[in-house]
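Numbers for residues simply follow the sequence, beginning at 1. What you see is a predicted model, and the numbers here were worked out from it, not measured in a lab.
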Amino acid sequence: MVFKIPRWPFDKFHYADRELGTQMKATGEVMAIERTIEASMLKAVRSLEIDRYGLRLEEFTQMSDQYIEEKLINPDDNRLFILAEALRRGWTVEKVHEITKISTFFINKIENVVGCENKLTKCLKPIIEELDIEKIHLLNEIVYKEQLSNKGQVSDIEHDKILLKELLKKAKFMGFSDIEIASLLEIKEQDVKKLRSILAIKAVFKMVDTCAAEFEAETPYYYSSYETVNESEPTDSKKVLVLGSGPIRIGQGIEFDYCSVHSAWSLHEEGFESIIVNNNPETVSTDFDTSDRLYFEPLTKEDVMNIIEHEKPAGVVVQFGGQTAINLAKPLQLEGVNILGTSVESIDLAEDRDKFIKLLKELDIPAPLGDVASSLKEAQLIAEDIGYPVLVRPSYVLGGRAMEVVYNTIELREYMANAVKATPDQPVLVDKYITGTEIEVDAISDGEVVVIP
(Lines give C-alpha, C1' and ligand atoms only; values in the text may rest on other atoms or scores of the structure.)
Protein backbone atom coordinates (compact mmCIF):
# COMPACT_ATOMS: atom_id res chain seq x y z
CA MET A 1 0.00 0.00 0.00
CA VAL A 2 1.40 3.39 -1.01
CA PHE A 3 0.33 6.54 0.85
CA LYS A 4 1.34 10.07 -0.15
CA ILE A 5 0.89 13.30 1.84
CA PRO A 6 1.78 16.79 0.56
CA ARG A 7 4.32 18.81 2.55
CA TRP A 8 2.94 22.27 3.30
CA PRO A 9 5.33 25.02 4.47
CA PHE A 10 3.04 26.49 7.16
CA ASP A 11 5.67 25.76 9.82
CA LYS A 12 7.71 28.49 8.11
CA PHE A 13 4.85 30.86 7.24
CA HIS A 14 2.79 31.11 10.43
CA TYR A 15 0.50 33.83 9.13
CA ALA A 16 -0.29 32.25 5.75
CA ASP A 17 -3.85 31.17 4.96
CA ARG A 18 -3.83 27.44 5.80
CA GLU A 19 -7.12 26.64 4.06
CA LEU A 20 -6.73 24.09 1.29
CA GLY A 21 -8.51 24.45 -2.03
CA THR A 22 -7.53 24.55 -5.69
CA GLN A 23 -4.51 26.80 -5.10
CA MET A 24 -1.13 25.04 -5.05
CA LYS A 25 0.34 25.39 -1.56
CA ALA A 26 2.56 22.33 -1.07
CA THR A 27 6.30 22.48 -1.72
CA GLY A 28 6.78 18.72 -1.94
CA GLU A 29 5.42 15.41 -0.73
CA VAL A 30 6.27 12.26 1.18
CA MET A 31 5.54 8.70 0.23
CA ALA A 32 5.24 5.66 2.48
CA ILE A 33 5.01 1.98 1.57
CA GLU A 34 3.51 -0.61 3.92
CA ARG A 35 1.29 -3.70 4.00
CA THR A 36 -1.93 -1.91 5.06
CA ILE A 37 -3.48 1.51 4.51
CA GLU A 38 -3.32 2.26 8.26
CA ALA A 39 0.40 1.45 8.50
CA SER A 40 1.34 3.37 5.34
CA MET A 41 -0.69 6.38 6.57
CA LEU A 42 1.10 6.49 9.94
CA LYS A 43 4.46 5.98 8.25
CA ALA A 44 3.69 8.90 5.90
CA VAL A 45 2.72 11.13 8.86
CA ARG A 46 6.08 10.63 10.57
CA SER A 47 7.89 11.12 7.25
CA LEU A 48 6.53 14.69 7.06
CA GLU A 49 8.97 15.87 9.77
CA ILE A 50 6.47 18.10 11.54
CA ASP A 51 7.10 16.56 15.00
CA ARG A 52 4.06 14.30 14.71
CA TYR A 53 4.26 10.55 15.08
CA GLY A 54 0.59 9.58 15.02
CA LEU A 55 -2.88 11.01 14.46
CA ARG A 56 -3.20 12.59 17.93
CA LEU A 57 -2.68 16.32 18.38
CA GLU A 58 -3.01 17.63 21.92
CA GLU A 59 -4.21 21.09 20.85
CA PHE A 60 -7.34 19.63 19.24
CA THR A 61 -8.45 17.82 22.40
CA GLN A 62 -9.24 21.25 23.91
CA MET A 63 -11.34 22.42 20.94
CA SER A 64 -15.15 22.45 20.88
CA ASP A 65 -17.22 20.12 18.69
CA GLN A 66 -18.29 23.18 16.70
CA TYR A 67 -14.63 24.00 15.92
CA ILE A 68 -13.97 20.39 14.84
CA GLU A 69 -17.01 20.42 12.53
CA GLU A 70 -15.97 23.75 11.04
CA LYS A 71 -12.50 22.40 10.31
CA LEU A 72 -13.98 19.32 8.65
CA ILE A 73 -16.09 21.55 6.39
CA ASN A 74 -13.23 23.96 5.59
CA PRO A 75 -10.13 21.75 5.35
CA ASP A 76 -6.60 22.87 6.15
CA ASP A 77 -3.29 21.02 6.49
CA ASN A 78 -4.42 19.45 9.79
CA ARG A 79 -7.43 17.72 8.26
CA LEU A 80 -6.15 14.17 8.82
CA PHE A 81 -5.66 14.88 12.55
CA ILE A 82 -9.05 16.62 12.82
CA LEU A 83 -10.75 13.57 11.24
CA ALA A 84 -9.10 11.33 13.86
CA GLU A 85 -10.14 13.70 16.67
CA ALA A 86 -13.78 13.63 15.52
CA LEU A 87 -13.76 9.80 15.58
CA ARG A 88 -12.02 9.84 18.97
CA ARG A 89 -14.98 11.83 20.30
CA GLY A 90 -17.35 9.07 19.25
CA TRP A 91 -18.62 10.64 16.04
CA THR A 92 -19.86 7.92 13.70
CA VAL A 93 -18.23 7.13 10.37
CA GLU A 94 -21.54 8.08 8.68
CA LYS A 95 -21.60 11.50 10.40
CA VAL A 96 -18.01 12.28 9.36
CA HIS A 97 -18.79 11.09 5.82
CA GLU A 98 -21.88 13.34 5.69
CA ILE A 99 -19.84 16.41 6.69
CA THR A 100 -16.74 15.73 4.56
CA LYS A 101 -18.05 13.55 1.70
CA ILE A 102 -14.88 11.46 2.14
CA SER A 103 -15.47 7.80 1.24
CA THR A 104 -16.41 5.71 4.29
CA PHE A 105 -13.70 3.24 3.21
CA PHE A 106 -10.98 5.72 4.21
CA ILE A 107 -12.80 7.00 7.32
CA ASN A 108 -13.00 3.38 8.52
CA LYS A 109 -9.20 3.08 8.18
CA ILE A 110 -8.68 6.16 10.37
CA GLU A 111 -11.20 4.72 12.86
CA ASN A 112 -9.10 1.52 13.00
CA VAL A 113 -6.08 3.60 14.09
CA VAL A 114 -8.15 5.40 16.75
CA GLY A 115 -9.48 2.02 17.93
CA CYS A 116 -5.94 0.71 18.31
CA GLU A 117 -5.00 3.82 20.34
CA ASN A 118 -7.92 3.06 22.70
CA LYS A 119 -6.88 -0.57 23.10
CA LEU A 120 -3.32 0.43 23.95
CA THR A 121 -4.45 2.85 26.67
CA LYS A 122 -7.28 0.69 28.08
CA CYS A 123 -5.71 -2.79 27.91
CA LEU A 124 -1.93 -2.38 27.63
CA LYS A 125 -1.37 0.54 30.00
CA PRO A 126 -2.72 -1.29 33.12
CA ILE A 127 -0.52 -4.34 32.35
CA ILE A 128 2.59 -2.14 31.97
CA GLU A 129 1.80 -0.32 35.23
CA GLU A 130 1.27 -3.63 37.05
CA LEU A 131 4.43 -5.29 35.73
CA ASP A 132 6.60 -2.23 36.46
CA ILE A 133 8.71 -1.26 33.42
CA GLU A 134 11.95 -1.45 35.43
CA LYS A 135 11.43 -5.20 35.98
CA ILE A 136 10.22 -5.87 32.44
CA HIS A 137 13.53 -7.48 31.41
CA LEU A 138 12.86 -10.25 33.95
CA LEU A 139 9.56 -11.11 32.28
CA ASN A 140 10.77 -14.15 30.33
CA GLU A 141 12.51 -15.58 33.39
CA ILE A 142 9.44 -15.07 35.64
CA VAL A 143 7.14 -16.74 33.09
CA TYR A 144 9.54 -19.68 32.64
CA LYS A 145 9.76 -20.29 36.42
CA GLU A 146 5.98 -20.07 36.76
CA GLN A 147 5.51 -22.55 33.92
CA LEU A 148 7.75 -25.00 35.77
CA SER A 149 5.93 -24.57 39.08
CA ASN A 150 2.44 -24.66 37.50
CA LYS A 151 3.34 -27.65 35.31
CA GLY A 152 2.41 -25.97 32.05
CA GLN A 153 -0.73 -24.16 33.25
CA VAL A 154 -1.12 -20.53 32.15
CA SER A 155 -0.58 -18.17 35.11
CA ASP A 156 -1.82 -14.57 35.38
CA ILE A 157 1.59 -13.12 34.55
CA GLU A 158 1.97 -15.41 31.55
CA HIS A 159 -1.49 -14.43 30.39
CA ASP A 160 -0.44 -10.76 30.69
CA LYS A 161 2.68 -11.47 28.65
CA ILE A 162 0.63 -13.12 25.88
CA LEU A 163 -1.81 -10.20 25.83
CA LEU A 164 1.08 -7.74 25.95
CA LYS A 165 2.73 -9.33 22.91
CA GLU A 166 -0.55 -9.60 21.02
CA LEU A 167 -1.49 -5.93 21.51
CA LEU A 168 2.01 -4.61 20.91
CA LYS A 169 2.41 -6.69 17.76
CA LYS A 170 -0.96 -5.48 16.47
CA ALA A 171 0.02 -1.84 17.12
CA LYS A 172 3.36 -2.25 15.33
CA PHE A 173 1.69 -4.06 12.41
CA MET A 174 -0.76 -1.15 12.19
CA GLY A 175 2.18 1.25 11.85
CA PHE A 176 2.46 2.76 15.35
CA SER A 177 5.94 4.07 16.13
CA ASP A 178 7.67 3.35 19.46
CA ILE A 179 7.49 7.05 20.34
CA GLU A 180 3.71 7.13 19.81
CA ILE A 181 3.18 3.92 21.81
CA ALA A 182 5.38 5.35 24.59
CA SER A 183 3.27 8.52 24.63
CA LEU A 184 0.02 6.52 24.92
CA LEU A 185 1.43 4.28 27.69
CA GLU A 186 3.22 7.19 29.44
CA ILE A 187 6.59 5.44 29.41
CA LYS A 188 9.91 6.13 27.64
CA GLU A 189 10.55 5.34 23.97
CA GLN A 190 13.54 3.12 24.87
CA ASP A 191 11.29 1.09 27.20
CA VAL A 192 9.00 0.25 24.27
CA LYS A 193 12.04 -0.84 22.25
CA LYS A 194 13.26 -2.95 25.21
CA LEU A 195 9.80 -4.50 25.50
CA ARG A 196 9.74 -5.34 21.78
CA SER A 197 13.16 -6.94 22.09
CA ILE A 198 11.99 -9.19 24.96
CA LEU A 199 8.81 -10.16 23.11
CA ALA A 200 10.72 -10.69 19.81
CA ILE A 201 8.69 -8.10 17.88
CA LYS A 202 11.04 -6.97 15.15
CA ALA A 203 10.72 -5.18 11.80
CA VAL A 204 11.30 -7.14 8.62
CA PHE A 205 11.90 -5.68 5.18
CA LYS A 206 9.80 -6.31 2.10
CA MET A 207 10.96 -5.93 -1.49
CA VAL A 208 9.45 -3.84 -4.26
CA ASP A 209 10.27 -5.90 -7.33
CA THR A 210 11.17 -3.48 -10.13
CA CYS A 211 10.95 -6.27 -12.71
CA ALA A 212 7.46 -7.49 -11.68
CA ALA A 213 8.81 -11.04 -11.16
CA GLU A 214 9.43 -11.42 -14.92
CA PHE A 215 13.08 -12.06 -14.16
CA GLU A 216 15.34 -11.46 -11.15
CA ALA A 217 15.48 -7.75 -10.30
CA GLU A 218 18.91 -6.15 -10.07
CA THR A 219 17.43 -2.95 -8.67
CA PRO A 220 14.80 -3.83 -6.07
CA TYR A 221 14.13 -1.49 -3.16
CA TYR A 222 12.80 -2.16 0.33
CA TYR A 223 10.37 -0.98 2.99
CA SER A 224 9.76 -2.14 6.56
CA SER A 225 6.82 -4.00 8.01
CA TYR A 226 5.99 -6.04 11.10
CA GLU A 227 5.27 -9.33 9.37
CA THR A 228 7.35 -12.52 9.56
CA VAL A 229 9.15 -13.08 6.23
CA ASN A 230 12.20 -10.91 5.54
CA GLU A 231 12.88 -10.31 1.83
CA SER A 232 16.01 -8.16 2.27
CA GLU A 233 19.15 -10.25 2.63
CA PRO A 234 22.21 -8.17 3.57
CA THR A 235 25.43 -8.85 1.67
CA ASP A 236 28.88 -9.35 3.19
CA SER A 237 30.24 -6.27 1.35
CA LYS A 238 31.67 -3.21 3.12
CA LYS A 239 28.75 -0.79 3.20
CA VAL A 240 27.90 2.78 4.16
CA LEU A 241 24.44 4.21 4.77
CA VAL A 242 23.60 7.69 3.40
CA LEU A 243 20.67 9.59 4.91
CA GLY A 244 18.55 11.53 2.41
CA SER A 245 16.80 14.84 3.05
CA GLY A 246 13.13 13.85 3.19
CA PRO A 247 10.40 16.02 1.66
CA ILE A 248 11.29 19.15 -0.31
CA ARG A 249 10.41 22.31 1.59
CA ILE A 250 11.60 25.91 1.56
CA GLY A 251 15.14 25.99 2.96
CA GLN A 252 15.80 22.30 2.38
CA GLY A 253 15.52 21.51 -1.29
CA ILE A 254 17.09 19.81 -4.21
CA GLU A 255 20.73 20.65 -3.35
CA PHE A 256 20.69 18.09 -0.53
CA ASP A 257 19.40 15.43 -2.88
CA TYR A 258 22.24 16.27 -5.30
CA CYS A 259 24.77 15.88 -2.47
CA SER A 260 23.41 12.57 -1.17
CA VAL A 261 23.28 11.08 -4.70
CA HIS A 262 26.90 12.05 -5.39
CA SER A 263 27.87 10.68 -1.97
CA ALA A 264 26.30 7.29 -2.91
CA TRP A 265 28.07 7.29 -6.29
CA SER A 266 31.45 8.18 -4.71
CA LEU A 267 31.08 5.43 -2.11
CA HIS A 268 30.33 2.96 -4.89
CA GLU A 269 33.48 4.07 -6.76
CA GLU A 270 35.50 3.59 -3.55
CA GLY A 271 34.37 -0.04 -3.35
CA PHE A 272 31.64 0.36 -0.73
CA GLU A 273 28.04 -0.77 -1.09
CA SER A 274 26.00 2.43 -0.87
CA ILE A 275 22.64 2.36 0.91
CA ILE A 276 20.27 5.34 0.69
CA VAL A 277 17.37 5.96 3.09
CA ASN A 278 14.77 8.48 1.94
CA ASN A 279 11.01 8.92 1.56
CA ASN A 280 10.61 11.54 -1.18
CA PRO A 281 9.31 10.13 -4.49
CA GLU A 282 10.23 13.31 -6.41
CA THR A 283 14.00 12.98 -6.08
CA VAL A 284 16.90 11.27 -7.83
CA SER A 285 18.03 9.61 -4.56
CA THR A 286 14.89 7.46 -4.60
CA ASP A 287 15.43 6.29 -8.18
CA PHE A 288 15.94 2.58 -7.64
CA ASP A 289 19.22 2.50 -9.64
CA THR A 290 20.97 5.44 -7.89
CA SER A 291 22.43 3.46 -4.98
CA ASP A 292 23.27 -0.21 -4.46
CA ARG A 293 20.36 -0.45 -2.04
CA LEU A 294 17.42 1.85 -1.36
CA TYR A 295 15.19 1.82 1.72
CA PHE A 296 12.00 3.86 1.32
CA GLU A 297 11.51 4.80 4.97
CA PRO A 298 10.83 7.76 7.31
CA LEU A 299 13.97 9.54 8.53
CA THR A 300 13.34 9.00 12.23
CA LYS A 301 15.67 7.41 14.77
CA GLU A 302 13.56 4.25 15.10
CA ASP A 303 13.11 3.66 11.37
CA VAL A 304 16.78 4.35 10.55
CA MET A 305 17.98 2.17 13.47
CA ASN A 306 15.87 -0.74 12.16
CA ILE A 307 17.82 -0.54 8.88
CA ILE A 308 21.20 -0.12 10.62
CA GLU A 309 20.58 -3.15 12.87
CA HIS A 310 19.60 -5.16 9.79
CA GLU A 311 22.36 -4.05 7.37
CA LYS A 312 25.18 -3.37 9.90
CA PRO A 313 26.98 -0.70 7.84
CA ALA A 314 30.55 0.47 8.62
CA GLY A 315 29.17 3.96 9.16
CA VAL A 316 26.49 6.52 8.37
CA VAL A 317 26.83 9.74 6.35
CA VAL A 318 24.59 12.52 7.74
CA GLN A 319 26.23 15.59 6.18
CA PHE A 320 24.33 15.56 2.89
CA GLY A 321 20.75 15.21 4.09
CA GLY A 322 20.27 18.76 5.33
CA GLN A 323 18.71 19.50 8.72
CA THR A 324 16.79 16.21 8.67
CA ALA A 325 19.92 14.06 8.70
CA ILE A 326 21.93 16.46 10.90
CA ASN A 327 19.25 16.19 13.63
CA LEU A 328 19.70 12.39 13.62
CA ALA A 329 23.48 12.54 14.13
CA LYS A 330 23.42 12.74 17.94
CA PRO A 331 20.60 10.20 18.56
CA LEU A 332 22.31 7.70 16.25
CA GLN A 333 25.70 8.20 17.90
CA LEU A 334 24.10 7.58 21.33
CA GLU A 335 22.89 4.23 19.92
CA GLY A 336 26.52 3.37 19.10
CA VAL A 337 26.38 4.16 15.38
CA ASN A 338 29.60 5.30 13.67
CA ILE A 339 28.96 8.78 12.17
CA LEU A 340 31.37 9.37 9.28
CA GLY A 341 32.93 12.72 8.32
CA THR A 342 32.34 15.74 10.54
CA SER A 343 32.06 14.61 14.17
CA VAL A 344 28.82 15.00 16.14
CA GLU A 345 30.70 17.34 18.51
CA SER A 346 31.69 19.63 15.60
CA ILE A 347 28.15 19.55 14.19
CA ASP A 348 26.84 20.54 17.62
CA LEU A 349 29.37 23.37 17.86
CA ALA A 350 28.13 24.82 14.57
CA GLU A 351 24.42 24.16 15.14
CA ASP A 352 24.07 25.15 18.80
CA ARG A 353 23.91 28.95 18.51
CA ASP A 354 25.09 29.54 22.06
CA LYS A 355 28.24 27.42 21.58
CA PHE A 356 28.82 29.01 18.18
CA ILE A 357 28.68 32.58 19.57
CA LYS A 358 31.18 31.61 22.30
CA LEU A 359 33.51 30.09 19.67
CA LEU A 360 33.36 33.29 17.57
CA LYS A 361 34.28 35.35 20.66
CA GLU A 362 37.17 32.99 21.49
CA LEU A 363 38.51 33.27 17.93
CA ASP A 364 37.92 37.05 17.90
CA ILE A 365 35.67 36.84 14.81
CA PRO A 366 33.27 39.78 14.55
CA ALA A 367 29.55 38.93 14.50
CA PRO A 368 26.29 40.88 15.05
CA LEU A 369 25.55 41.48 18.73
CA GLY A 370 23.30 38.82 20.24
CA ASP A 371 22.68 36.25 22.92
CA VAL A 372 20.51 33.20 23.66
CA ALA A 373 17.23 33.24 25.58
CA SER A 374 15.37 30.42 27.33
CA SER A 375 12.26 32.48 28.06
CA LEU A 376 10.29 35.53 26.87
CA LYS A 377 11.69 37.62 29.73
CA GLU A 378 15.29 36.81 28.74
CA ALA A 379 14.53 37.54 25.07
CA GLN A 380 13.03 40.95 25.96
CA LEU A 381 16.07 41.90 28.04
CA ILE A 382 18.48 40.97 25.21
CA ALA A 383 16.38 42.82 22.60
CA GLU A 384 16.20 45.98 24.73
CA ASP A 385 19.92 45.81 25.38
CA ILE A 386 21.01 45.49 21.72
CA GLY A 387 18.07 47.45 20.24
CA TYR A 388 15.37 46.57 17.71
CA PRO A 389 15.06 45.25 15.01
CA VAL A 390 16.29 41.82 16.09
CA LEU A 391 16.53 38.50 14.30
CA VAL A 392 15.07 35.62 16.34
CA ARG A 393 15.56 31.91 15.59
CA PRO A 394 15.97 28.60 17.41
CA SER A 395 19.11 26.45 17.35
CA TYR A 396 19.35 23.54 14.93
CA VAL A 397 17.38 25.01 12.03
CA LEU A 398 18.27 25.52 8.39
CA GLY A 399 16.69 27.66 5.71
CA GLY A 400 14.94 30.14 7.96
CA ARG A 401 12.35 27.86 9.52
CA ALA A 402 10.91 29.60 12.62
CA MET A 403 13.18 32.58 11.89
CA GLU A 404 11.76 36.11 11.99
CA VAL A 405 12.79 39.74 12.12
CA VAL A 406 10.89 41.50 14.92
CA TYR A 407 10.66 45.25 15.35
CA ASN A 408 9.13 45.69 18.83
CA THR A 409 8.18 43.98 22.10
CA ILE A 410 4.65 43.07 20.92
CA GLU A 411 6.01 41.19 17.88
CA LEU A 412 8.65 39.49 20.05
CA ARG A 413 5.98 38.34 22.53
CA GLU A 414 3.89 36.98 19.66
CA TYR A 415 6.86 35.15 18.16
CA MET A 416 7.83 33.54 21.47
CA ALA A 417 4.22 32.43 22.06
CA ASN A 418 3.51 31.00 18.61
CA ALA A 419 6.66 30.12 16.69
CA VAL A 420 8.74 28.35 19.32
CA LYS A 421 8.52 27.08 22.87
CA ALA A 422 11.80 28.30 24.32
CA THR A 423 13.31 26.12 27.04
CA PRO A 424 16.83 25.60 28.44
CA ASP A 425 17.05 22.57 26.08
CA GLN A 426 15.84 24.60 23.08
CA PRO A 427 17.05 28.19 23.47
CA VAL A 428 16.27 30.98 21.02
CA LEU A 429 18.98 33.17 19.53
CA VAL A 430 18.31 36.92 19.56
CA ASP A 431 20.64 38.84 17.20
CA LYS A 432 20.91 42.45 16.15
CA TYR A 433 19.39 42.62 12.66
CA ILE A 434 21.56 44.53 10.18
CA THR A 435 19.06 45.89 7.66
CA GLY A 436 19.71 45.18 3.99
CA THR A 437 22.84 43.04 4.45
CA GLU A 438 23.17 39.33 3.82
CA ILE A 439 26.45 37.45 3.56
CA GLU A 440 26.67 33.71 2.99
CA VAL A 441 29.70 31.54 2.36
CA ASP A 442 29.79 27.79 1.75
CA ALA A 443 33.10 26.12 2.56
CA ILE A 444 34.35 22.55 2.74
CA SER A 445 37.56 21.34 4.38
CA ASP A 446 39.44 18.09 4.96
CA GLY A 447 41.20 19.62 7.99
CA GLU A 448 44.01 21.17 5.95
CA VAL A 449 42.69 22.62 2.69
CA VAL A 450 39.62 24.88 2.75
CA VAL A 451 37.67 25.15 -0.52
CA ILE A 452 35.13 27.94 -1.02
CA PRO A 453 33.05 27.12 -4.12
Side-chain angles (χ1 to χ4, degrees), residues 7-20 25 27 48-53 56-64 66-68 70-71 74 76-79 81-82 85 183 249-252 323 326-327 348 350-361 366-440:
R7 179 58 163 86
W8 289 287
F10 299 125
D11 55 339
K12 184 175 166 71
F13 301 112
H14 301 288
Y15 307 107
D17 174 17
R18 299 177 87 111
E19 196 170 316
L20 301 179
K25 290 187 178 180
T27 53
L48 284 168
E49 294 167 38
I50 50 174
D51 295 326
R52 289 169 192 172
Y53 296 90
R56 292 179 317 125
L57 283 190
E58 282 305 313
E59 57 258 43
F60 295 139
T61 59
Q62 315 300 321
M63 302 302 179
S64 66
Q66 189 185 344
Y67 175 88
I68 298 294
E70 198 180 298
K71 285 289 178 187
N74 303 303
D76 65 12
D77 57 307
N78 284 317
R79 190 174 214 201
F81 309 103
I82 294 279
E85 180 57 32
S183 170
R249 60 263 199 205
I250 293 164
Q252 180 155 314
Q323 200 65 48
I326 290 287
N327 287 349
D348 190 48
E351 291 280 312
D352 186 307
R353 306 295 177 188
D354 191 23
K355 290 177 184 174
F356 190 64
I357 290 169
K358 284 172 182 163
L359 180 67
L360 290 177
K361 283 177 183 169
L369 287 171
D371 212 337
V372 290
S374 299
S375 64
L376 171 62
K377 194 177 177 183
E378 284 180 23
Q380 282 176 318
L381 288 170
I382 297 163
E384 282 162 18
D385 186 40
I386 61 178
Y388 289 98
V390 292
L391 183 70
V392 280
R393 56 193 161 155
S395 286
Y396 277 89
V397 298
L398 273 188
R401 187 174 68 81
M403 185 191 289
E404 276 181 39
V405 179
V406 300
Y407 293 86
N408 52 52
T409 308
I410 296 163
E411 286 182 12
L412 181 64
R413 199 177 296 132
E414 206 170 284
Y415 171 84
M416 296 294 278
N418 300 324
V420 292
K421 287 176 176 61
T423 64
D425 296 337
Q426 295 174 305
V428 169
L429 185 67
V430 183
D431 276 336
K432 178 70 182 168
Y433 181 65
I434 303 167
T435 310
T437 306
E438 182 179 338
I439 302 162
E440 183 176 343

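Once rounded to the nearest 0.5 Å, the distance linking NZ of Lys361 with CG of Leu359 reads 11.5 Å. Once rounded to the nearest 0.5 Å, the distance linking CG of Leu391 with CD of Glu404 reads 9.5 Å. Within the model, atoms CZ of Arg56 and CD of Glu85 stand 10.0 Å from one another, a figure rounded to the nearest 0.5 Å. Between Glu59 atom CD and Phe81 atom CZ the span is 9.5 Å, to the nearest 0.5 Å. One distance of note links NZ of Lys25 with CD of Glu19; it measures 7.0 Å at 0.5 Å rounding. Put simply, CG on Leu381 and CG on Leu376 are 9.5 Å apart, with the number rounded to the nearest 0.5 Å.
In this structure, Thr409 contributes its side chain and Gln380 its backbone to no donor-acceptor pair below 3.5 Å. A distance-only check finds no donor-acceptor pair linking the side chain of Lys71 to the backbone of Asp76 [under 3.5 Å].
Counting non-hydrogen atoms of other residues, nucleotides and ligands closer than 6.0 Å to OH of Tyr388 gives a total above 12.
Leu20 is not listed as a side-chain neighbour of Arg79, based on a closest heavy-atom distance of 4.5 Å or more. Side chains of Asp431 and Arg393 form a contact here, defined as non-hydrogen atoms less than 4.5 Å apart.
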task: In sequence, state the C-alpha distance, the side-chain angles, and the governing distance for Glu378 and Val430, and then conclude on side-chain contact (heavy atoms from CB on, under 4.5 Å).
output: CA-CA 10 Å; Glu378 284 180 23; Val430 183; over 6 Å; no
message: Pair Leu429, Phe356 - check side-chain contact (heavy atoms from CB on, under 4.5 Å), show working.
response: CA-CA 11 Å; Leu429 185 67; Phe356 190 64; over 6 Å; no
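Gly370 and Ile386 get closest at one heavy-atom pair: CA-CD1, 4.3 Å. Considering all non-hydrogen atoms of both residues, Tyr415 and Val406 come closest at CB-CG1, 4.4 Å. Nearest heavy atom pair, residue Ala379 against residue Ala373, reads N-CB, 3.5 Å.
Ion pairing of Arg249 with Glu49 is present here, as a side-chain N (NZ or NE/NH1/NH2) and a carboxylate O approach within less than 4.0 Å.
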